Engineer: 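Below: one structure in structure tokens.
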Amino acid sequence: MPQSKPAYGRIELHGWDSRSRAWHGPDEISFTLAGTRRILNKLRELAGCWHGKLQAQGPGVPPLTFCAQIYDLGDAGLATVDMEGSPAGPLEIMLAIPPQRRARLRPELAFEFASYLRFLEGPESQGVEMAIHDHVENAIRESDPATTLLISVEMRFLTPEVHILVADAAGKLAMSLIAWLAEKDGVAAVPR
């Protein structure tokens, strides 16, 4: 059951769908710590990044193991979900911009994010870099500064069964990232 935490602010999800080559959202999502305890405990032990494995299982689908990474970029946070041996770049990449870091945002963040995605060989189709850059830049400029922005980019098309498992893993990573940044910045205490 989602636990709404005012200390984390409103969370606004902007998602890129690689198949339709279009944005969806912004959608307001609820903050929850469900399934994040192990990740958060690992993050507390490390200075600025974590690399690990996440298990996911859905009905009628064999369990999958995902490779996951979380990075503190100073002005934002970055998380990736991938599968070992997967061709091309990660399956999903998320950029989290919490309210307490808005004043520190570098002006070139949207450009650097779009460049990073292109560097990783994605999204699947070339030529979408400007659409991603412009949307991220507009979301930063037009959203309420008290809002946590979560930019999620699906790097390639997945079957619906695998997509559900990737979305579950990505959701846990995103919530862990938001909670960790808030804890590091002294904005909110995260239950241990």
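Predicted model only: the values in this text are computed from it and were never measured.
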Engineer: Would you check if I39 and L54 make a side-chain contact, meaning some heavy-atom pair closer than 4.5 Å?
Structural biologist: yes
Engineer: Looking at side-chain heavy atoms only, is the closest gap between I140 and N138 below 4.5 Å?
Structural biologist: no
Engineer: Between P90 and L120, is any pair of side-chain heavy atoms under 4.5 Å apart?
Structural biologist: yes
Engineer: Side chains of I93 and F113, heavy atoms from C-beta outward: is any pair under 4.5 Å?
Structural biologist: yes
Engineer: Could you tell me which residues satisfy ring-ring contact (aromatic ring centres under 6.0 Å, His included) with F111, sequence neighbours excluded, listed by chain and number?
Structural biologist: none
Engineer: Is it true that a side-chain atom of W180 and a backbone atom of N41 form a donor plus acceptor pair closer than 3.5 Å?
Structural biologist: no
Engineer: Filter on salt bridge (charged side-chain N to carboxylate O under 4.0 Å, His left out), then keep only pairs touching residues 22-36, sequence neighbours left out; what's left?
Structural biologist: R10-E28
Engineer: Just distance, no hydrogens or angles: give the donor-acceptor pairs under 3.5 Å from side chains in residues 165-178, sequence neighbours left out.
Structural biologist:
residue : atom : partner : partner atom : Å
D168    : OD2  : K172    : NZ           : 3.2
S176    : OG   : K172    : O            : 2.8

Engineer: Are the side chains of C67 and M83 in contact, using a 4.5 Å heavy-atom criterion?
Structural biologist: no
Engineer: Among residues at least two apart in sequence or on other chains, which ones pass side-chain hydrogen bond (donor to acceptor under 3.5 Å, both in side chains) with R101?
Structural biologist: D72, D185
Engineer: Between S18 and E154, is there a side-chain donor-acceptor contact under 3.5 Å, judged purely by atom types and distance?
Structural biologist: no
Engineer: So T147 and P99, do their side chains get closer than 4.5 Å, heavy atoms only?
Structural biologist: no
Engineer: So, using ring-ring contact (aromatic ring centres under 6.0 Å, His included) as the criterion, who are the partners of H14 when residues are at least two apart?
Structural biologist: H135
Engineer: Can you pull the ring pair (Phe, Tyr, Trp, His ring centres under 6.0 Å) pairs that have at least one residue in residues 48-97, sequence neighbours excluded?
Structural biologist: H51-Y71
Engineer: Does T80 reach the side chain of I70, with side-chain heavy atoms less than 4.5 Å apart?
Structural biologist: no
Engineer: Quickly, which of L150, L109, V153, L117 forms a side chain to side chain contact (heavy atoms under 4.5 Å, CB included) with L95? Name it, please.
Structural biologist: L109
Engineer: Between S143 and R102, is any side-chain donor less than 3.5 angstrom from a side-chain acceptor?
Structural biologist: yes
